[in-house]
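Atoms within each ligand, like the ligands themselves, are counted from 1 in listed order.
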Amino acid sequence: MQEYFLTHPHRRYNALTGDWLLVSPHRALRPWQGKNETPAPDTRPEYDPKCYLCPTNTRAGVDADGNQLANPKYEHTFVFTNDYAALLPDPVPESVTIENDPLFQIQAVRGTCRVICFSPKHNLTIPQMEPADIAQVINLWQAQTKELRAKYRWVQLFENKGDIMGCSNPHPHGQIWASDTLPNEPGKEDARQKEYFQKNGRPLLMDYLQRELEQKERLFCENEHWAVLVPFWALWPYETLLLPKVHVPSMDVLPEEMKASLAEILKRFLSAYDRMFDCIFPYSMGWHGAPGVDANGSMGDSDAWQLHAHFYPPLLRSAKVKKFMVGYEMLGEPQRDITPEQAAAKLRALL
Ligand code: H2U
Ligand code: ZN
């Protein structure tokens, strides 16, 4: 990185989405007058009788016969269809037609939403789990992707963690939304990765990771099969990108021998995240991989696509002070003060 850009305003290009970002490194020096609040202690019990995700408890939903749904006495992971699913699998009636009005475009969408419990223990988070139990979560991500990619164009595995992210329940859990349409973000990544592959004959993210591993200034941590870095184009202060070191287009084809090392790196870097502000570090995370079947039954492009996970933590200065994406960011483009290189150095110091 040239010295000038470490101290002067500049824009960075996100090669994965095609979006631009404003970076203002000189502003990181301005005085901070807000409070630095200490986080509330974590007082979650191992089992909470009122939690709708704990084993044996009842949920809000009812089955086809109107009986209240209850969770089994699960011992590792547990998956169920979201009782308030945002997407529904029902076929679209033939009487419904697609309108071609360019100013009022509309599409029918079919899909499904599931909730996945990572552990029966209410008081854990992924970095607090044993690596063997994290591997069970990876197996579940894989099995769900395998099943849903064969039916839907897009399978979004994600976790929304912490009440600051609007997460309704501290029980360790994630979600899966699958749809027969490609959402905006993966749609941009699909176009950029295909374009790059056509031009260069190699997956964009393989080339990108190789450059990051050479430069090292944005690298957070790595092991035999995986690397975590603050991307060159990161929007969120401590945003990271988790990437496999070999070509793996999607979660369903993740080789068996890369699972233990994935569990290991997740535990290691997420524990470091928790040390940043001495709290359970909130974030939205999710996996992106090659799309599934389209309307013609053809699978997404697995030559151009590289599996990866995005971690978007909102915190800026303390367990309570988050970055807002408002003002110029809503009306112009996203902006950050602390550079991705500075963020990576702070994160490495927490390992
Ligand atoms: P969060 O990860 O954003 O907290 O969402 C939890 C999901 O759990 C939410 O999408 C679902 C909600 O619809 N849910 C059920 O499916 N059944 C319940 O009994 C309560 C919550
Ligand atoms: Zn619980």
Taking both backbone and side chain into account, is any N, O or S atom of C51 nearer than 2.8 Å to the Zn ion (ligand 2)?
-> yes

Can you find an N/O atom of S168 closer than 3.5 Å to an N/O atom of ligand 1?
-> yes

Of the protein's non-hydrogen atoms, which lies at the shortest distance from atom 8 (O) of ligand 1, and what is that distance?
-> V115 CG2, 3.7 Å

How close does the nearest protein non-hydrogen atom get to atom 2 (O) of ligand 1, and which residue and atom is it?
-> H173 NE2, 2.6 Å

For C167, the ligand 1 atoms whose distance to one of its heavy atoms is below 4.0 Å | 4 (O)

Side chain Q210, main chain D207, donor-acceptor under 3.5 Å | no

Measuring from the Zn ion (ligand 2), name the closest N, O or S atom belonging to H171.
-> ND1

Look only at interatomic distance and state if A60 has a nitrogen or oxygen under 3.5 Å from any nitrogen or oxygen of ligand 1.
-> yes

Any idea how F269 and F311 line up, ring-wise: parallel (<30°), tilted (30 to 60°), or perpendicular (>60°)?
-> perpendicular

Ignoring hydrogens and angles, state whether a donor on the side chain of Q335 or S24 is under 3.5 Å from an acceptor on the partner side chain.
-> yes

Atom NE2 of H171 and atom CG of D48: how far apart are they, to the nearest 0.5 Å?
-> 10.0 Å

In H122, the N, O or S atom nearest to the Zn ion (ligand 2) is which?
-> ND1

Run the ring-centre check on W141 versus F158 and record whether the distance is less than 6.0 Å.
-> no

To which protein heavy atom is atom 21 (C) of ligand 1 closest, and what is the distance rounded to 0.1 Å?
-> Y52 CE1, 3.2 Å

Describe, in one word, how the ring planes of Y273 and Y283 are oriented to each other, choosing from parallel (under 30°), tilted (30 to 60°) and perpendicular (over 60°).
-> tilted

Considering only protein heavy atoms, which is closest to atom 15 (C) of ligand 1, and at what distance to one decimal place?
-> D83 OD2, 3.5 Å

Does H288 have its ring centroid less than 6.0 Å away from the ring centroid of H310?
-> yes

Is it true that the NZ or CZ of R114 lies under 6.0 Å from the centre of F80's six-membered ring and within 45 degrees of the ring axis?
-> no

Between Q68 and R59, is any side-chain donor less than 3.5 angstrom from a side-chain acceptor?
-> no

Proximity of E159 to ligand 1 by residue part, where a heavy atom lies under 4.0 Å | neither

May I ask you to identify the nearest protein heavy atom to atom 5 (O) of ligand 1, giving residue, atom name and distance to one decimal place in Å?
-> Q175 NE2, 3.1 Å

For atom 10 (O) of ligand 1, the closest protein heavy atom turns out to be N82 ND2, 2.8 Å

